[in-house]
Number of protein chains: 2
Amino acid sequence: MRKVDRQRLLRNLIQTHEIERQEDFVKLLQAEQIEVTQATISRDIKEMQLVKVPNADEGYHYSLPLEKKLDVKEKLRRTLRDAYVTHNQQDYFVVIKAHPGNAPAIASLLDQLQSEDIFGTIGGDDTVLIICKSEEQAKQFRVFIEDLLK
Amino acid sequence: MRKVDRQRLLRNLIQTHEIERQEDFVKLLQAEQIEVTQATISRDIKEMQLVKVPNADEGYHYSLPLEKKLDVKEKLRRTLRDAYVTHNQQDYFVVIKAHPGNAPAIASLLDQLQSEDIFGTIGGDDTVLIICKSEEQAKQFRVFIEDLLK
DNA sequence: AATGAATATTAATTCAAC
DNA sequence: GTTGAATTAATATTCATT
């Protein structure tokens, strides 16, 4: 497997798994029959400018580079600007209504943001349900969305 | 010195110095007559959610947490929206003209962004001169500003 | 150029002390 | 709760190989 392909895979893994250590990457790749060592992962991480971010509560996780995240936020803003209808928060939940067909894109962008506030998202065709980690974090996330719309 | 004060100091140091290792923090604090060990810095970094970012070229540097950077970009957007007059790029340089008195705030926000494109900024009263690391990066930065204004 | 094995370096944690 | 000293764990790099 070529380096570019492996790195693309890393980019996916980071979205779908909580990666705490470089060895986690090694093991996940092993599960896909790809044999690499920690040394290679370290080089990939440097090249891709991935960062190990301390979690708010405990532990660490690897994350996309800053620049990429800024881009994601920018995309989210534009998508919302074009497709936003309404939003609402209740308890742990925030619901965003959008024009038909736009919810999946919004859900995907929210996932890519890897927000500390978000536990998970579920998207329909014109609605995204965002499940937050706490009511407090749901509030914070709602404010985040409102700021984005300003 | 209390922990909160030390952490505030760390936040400053990160802006004004290229911090490559936790030991760099230790040494910089030593220079201020503050004696701490690497263990304490490691705990601070975790608590403040600082991250070690691989540089585009070589080495690493510690950086503000993602969330904070997103906030900075947001502030920059609003400041520009309110105070922006014109901008221009030539060679390595980008010049942003703003309403009188607003340039220092813009320069400060740009510094906080710790953009890989920016070598340094000089601010007057209504003008910020951004010195980029290359003409290519100056272009990129110009696009970044234009996107922000959209 | 890309990689692994071994190693050096850096960072996180444990454990004791305060 | 906070910290340092010592230790362990994790990560980066060196050196050799392909």
Side-chain angles (χ1 to χ4, degrees), chain A residues 1-15 17-69 114 116, chain B residues 1-15 17-69 114 116:
Chain A
M1 161 172 269
R2 283 175 314 150
K3 190 172 71 164
V4 282
D5 295 324
R6 185 183 60 240
Q7 294 192 353
R8 184 165 332 119
L9 199 47
L10 292 187
R11 213 164 275 124
N12 290 346
L13 288 175
I14 225 175
Q15 308 283 5
H17 296 72
E18 171 96 356
I19 312 282
E20 298 191 312
R21 287 180 298 279
Q22 300 187 355
E23 286 293 349
D24 293 344
F25 277 124
V26 175
K27 279 178 192 155
L28 286 167
L29 289 178
Q30 243 166 12
E32 312 251 8
Q33 327 298 341
I34 302 160
E35 297 290 330
V36 283
T37 59
Q38 173 267 327
T40 297
I41 298 295
S42 173
R43 295 184 189 107
D44 283 339
I45 283 171
K46 176 153 180 45
E47 206 168 313
M48 299 166 71
Q49 295 186 276
L50 302 186
V51 294
K52 190 169 75 165
V53 187
N55 293 330
D57 43 358
E58 68 161 17
Y60 298 80
H61 70 274
Y62 276 91
S63 167
L64 286 178
L66 294 183
E67 307 297 329
K68 288 281 149 55
K69 294 256 250 182
Q114 290 182 295
E116 295 252 334
Chain B
M1 161 173 266
R2 284 174 312 150
K3 190 171 73 164
V4 282
D5 294 325
R6 184 184 60 240
Q7 293 193 353
R8 186 168 326 122
L9 198 47
L10 292 187
R11 215 165 273 123
N12 290 345
L13 287 175
I14 226 176
Q15 307 284 4
H17 297 73
E18 172 96 356
I19 312 282
E20 298 191 312
R21 288 180 297 280
Q22 299 187 354
E23 287 292 348
D24 292 345
F25 277 126
V26 175
K27 280 179 192 157
L28 285 167
L29 289 179
Q30 243 167 12
E32 312 252 8
Q33 327 296 340
I34 301 160
E35 296 291 330
V36 282
T37 60
Q38 174 267 327
T40 297
I41 297 297
S42 173
R43 294 186 190 105
D44 284 340
I45 282 171
K46 175 151 181 45
E47 205 169 315
M48 299 166 70
Q49 295 186 275
L50 302 186
V51 294
K52 189 167 79 165
V53 187
N55 294 330
D57 43 358
E58 69 161 16
Y60 298 80
H61 71 274
Y62 275 91
S63 168
L64 284 179
L66 297 181
E67 305 298 329
K68 287 281 150 58
K69 295 255 252 183
Q114 291 182 291
E116 295 253 334

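Protein chains get the first letters and strands the later ones, always in sequence-line order, with residue 1 at the start of each. Values in this document were obtained by computation on a predicted structure and should not be read as measured data.
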- Message: Just so I know, are the side chains of A/F25 and A/Q38 near enough to count as touching, which here means a heavy-atom distance under 4.5 Å?
- Response: no
- Task: Give one of base, sugar-phosphate or nothing for B/E35, where a contact means two heavy atoms less than 4.0 Å apart.
- Result: sugar-phosphate
- Query: So, A/K46 and B/E58, do they make that salt bridge, N to O below 4.0 Å?
  - Reply: no
- D/dA9 P sits how many Å from A/D24 CG, rounded? 15 Å
- Item | Whole angstrom value for the distance that separates C1' of C/dA2 from CD of A/E47 | 10 Å
- Show the numbers, then the answer: is there a salt bridge (charged side-chain N to carboxylate O under 4.0 Å, His left out) between A/R8 and A/D5? CA-CA 5 Å; A/R8 184 165 332 119; A/D5 295 324; 3.5 Å; yes
- Task: Let me know the distance between CD of B/Q7 and C1' of D/dG1, rounded to the nearest Å.
- Result: 13 Å
- Query: Rounded to whole angstroms, how far apart are CG on A/D5 and P on C/dA1?
  - Reply: 19 Å
- What integer distance in Å separates A/K3:NZ from C/dT3:P? 7 Å
- Can you tell me how far P of D/dT3 sits from CG of B/L29, to the nearest Å? 11 Å
- Item | Lys/Arg-Asp/Glu bridge criterion (N-O < 4.0 Å) met for A/K52, A/E20 | no
Distances under 3.5 Å between protein N/O atoms and the N/O atoms of nucleotides 12-16 of chain C, please, pair by pair.
{"residue": "C/dA12", "atom": "OP2", "partner": "B/Q22", "partner atom": "NE2", "Å": "2.5"}
{"residue": "C/dA12", "atom": "OP2", "partner": "B/S42", "partner atom": "OG", "Å": "3.0"}
{"residue": "C/dA12", "atom": "N7", "partner": "B/Q38", "partner atom": "NE2", "Å": "2.8"}
{"residue": "C/dA12", "atom": "N6", "partner": "B/Q38", "partner atom": "OE1", "Å": "2.8"}
{"residue": "C/dT14", "atom": "O4", "partner": "B/R43", "partner atom": "NH2", "Å": "2.6"}

- Heavy-atom check, side chain of A/Y62 versus side chain of A/I45, under 4.5 Å: yes
- Report the distance from atom CE of B/M1 to atom C1' of D/dT3, rounded to the nearest whole Å. 15 Å
- Item | Between P of D/dG4 and CG of B/D44, the distance in whole Å | 10 Å
- If you look at every strand shown and take non-hydrogen atoms under 4.0 Å, does B/R2 touch a base, only sugar-phosphate, or nothing? nothing
- Step by step, work out the side chain to side chain contact (heavy atoms under 4.5 Å, CB included) result for B/R6 and B/T40. CA-CA 10 Å; B/R6 184 184 60 240; B/T40 297; 3.3 Å; yes
